[in-house]
Amino acid sequence: MHEYSIVLALIEQCEQHAAQHQADSIKRVSIKVGVLSGVEPDLLKTAFDTFKEEGICKGAELEMHIQPLVLHCQDCDSKQEIGEYNIICPKCQSSNTRVLDGEDMYLMQLEVGPKVAERL
């Protein structure tokens, strides 16, 4: 299940951003997952919930935005948004299409908690 390695990389990226902004916790992780990204959202959520307990993301909410497939048809010059795995133009049924969006997974936003000063 490659979702585990994806989540480990995501948590590592969260840790780096938290360190850069001097935060000691992450409250919310917002990602965009394309329908052609090869990522299964339910498995990703399960993996995140499993691995977050060991670090800075403990208690963080994973917010996923599923990005539909956006195609440009080279034959009829239309731009279509499709919510499924299909690269055929729904307007003219051509397969001469180019994917504009929906293939990737991105970290979109983090909500971090402030670093708490230690008492001496």
Side-chain angles (χ1 to χ4, degrees):
M1 180 176 348
H2 74 287
E3 281 77 9
Y4 284 163
S5 60
I6 291 170
V7 164
L8 291 174
L10 176 63
I11 289 174
E12 183 178 316
Q13 192 176 16
C14 291
E15 289 170 346
Q16 291 171 357
H17 284 292
Q20 289 173 354
H21 294 90
Q22 300 173 348
D24 64 359
S25 66
I26 294 177
K27 299 175 187 289
R28 185 175 53 83
V29 178
S30 179
I31 61 173
K32 178 172 100 169
V33 180
V35 296
L36 282 183
S37 67
V39 174
E40 176 58 46
D42 291 337
L43 295 176
L44 188 72
K45 172 87 170 102
T46 300
F48 183 81
D49 289 343
T50 299
F51 288 111
K52 75 177 185 177
E53 296 303 321
E54 298 176 16
I56 197 164
C57 291
K58 184 176 184 172
E61 169 195 354
L62 179 63
E63 181 180 274
M64 281 189 273
H65 303 276
I66 306 302
Q67 173 62 47
L69 184 61
V70 179
L71 296 177
H72 176 255
C73 180
Q74 308 289 340
D75 290 341
C76 70
D77 198 34
S78 67
K79 181 179 170 184
Q80 303 287 326
E81 190 172 283
I82 304 169
E84 59 196 45
Y85 186 91
N86 183 6
I87 58 168
I88 304 296
C89 176
K91 188 174 180 182
C92 73
Q93 304 304 308
S94 170
S95 62
N96 187 16
T97 57
R98 184 170 52 98
V99 176
L100 300 178
D101 201 356
E103 292 182 295
D104 301 308
M105 183 183 121
Y106 294 106
L107 172 60
M108 301 299 289
Q109 188 175 41
L110 291 178
E111 183 179 330
V112 297
K115 198 161 198 98
V116 178
E118 292 182 38
R119 291 185 180 182
L120 297 176

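For the single chain, residues carry numbers from 1 onward in sequence order.
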If you define the side chain from C-beta out and look only at heavy atoms, does anything of [X] sit under 4.5 Å from [Y]?
{"X": "C76", "Y": "S94", "value": "no"}
{"X": "L69", "Y": "I87", "value": "yes"}
{"X": "L44", "Y": "V7", "value": "yes"}
{"X": "I82", "Y": "P90", "value": "yes"}
{"X": "E53", "Y": "K58", "value": "yes"}

If you measure from [atom1] on [X] to [atom2] on [Y], what distance do you get to the nearest 0.5 Å?
{"X": "E12", "Y": "H17", "atom1": "CD", "atom2": "NE2", "value": "11.0 Å"}
{"X": "E61", "Y": "D49", "atom1": "CD", "atom2": "CG", "value": "10.5 Å"}
{"X": "L100", "Y": "E81", "atom1": "CG", "atom2": "CD", "value": "11.0 Å"}
{"X": "L43", "Y": "H2", "atom1": "CG", "atom2": "NE2", "value": "9.0 Å"}
{"X": "H72", "Y": "S78", "atom1": "NE2", "atom2": "OG", "value": "7.0 Å"}

Tell me the closest heavy-atom pair linking [X] and [Y], and the distance in Å.
{"X": "F48", "Y": "C57", "value": "CZ-CB, 4.2 Å"}
{"X": "L62", "Y": "I31", "value": "CD1-CD1, 4.0 Å"}
{"X": "S37", "Y": "G34", "value": "OG-O, 2.8 Å"}
{"X": "V39", "Y": "M105", "value": "CG2-SD, 4.3 Å"}
{"X": "P41", "Y": "I66", "value": "CG-CD1, 3.7 Å"}
{"X": "A23", "Y": "I56", "value": "O-CD1, 3.8 Å"}

Salt bridge (Lys or Arg N to Asp or Glu O under 4.0 Å) partners for R28, two or more places apart: E63, E111
Flag yes if [X] and [Y] sit in one hydrophobic cluster, no otherwise; membership is Ile, Leu, Val, Met, Phe, Trp, Tyr, and two members link when side-chain heavy atoms are under 4.5 Å apart.
{"X": "V33", "Y": "V99", "value": "yes"}
{"X": "L36", "Y": "I88", "value": "no"}
{"X": "L71", "Y": "Y85", "value": "yes"}
{"X": "M108", "Y": "V29", "value": "no"}
{"X": "L107", "Y": "Y4", "value": "yes"}

Sole candidate of E3, E40, M64 that passes side-chain contact (heavy atoms from CB on, under 4.5 Å) when paired with K45: M64
Over 12 non-hydrogen atoms of neighbours within 6.0 angstrom of NE2 in H65: yes
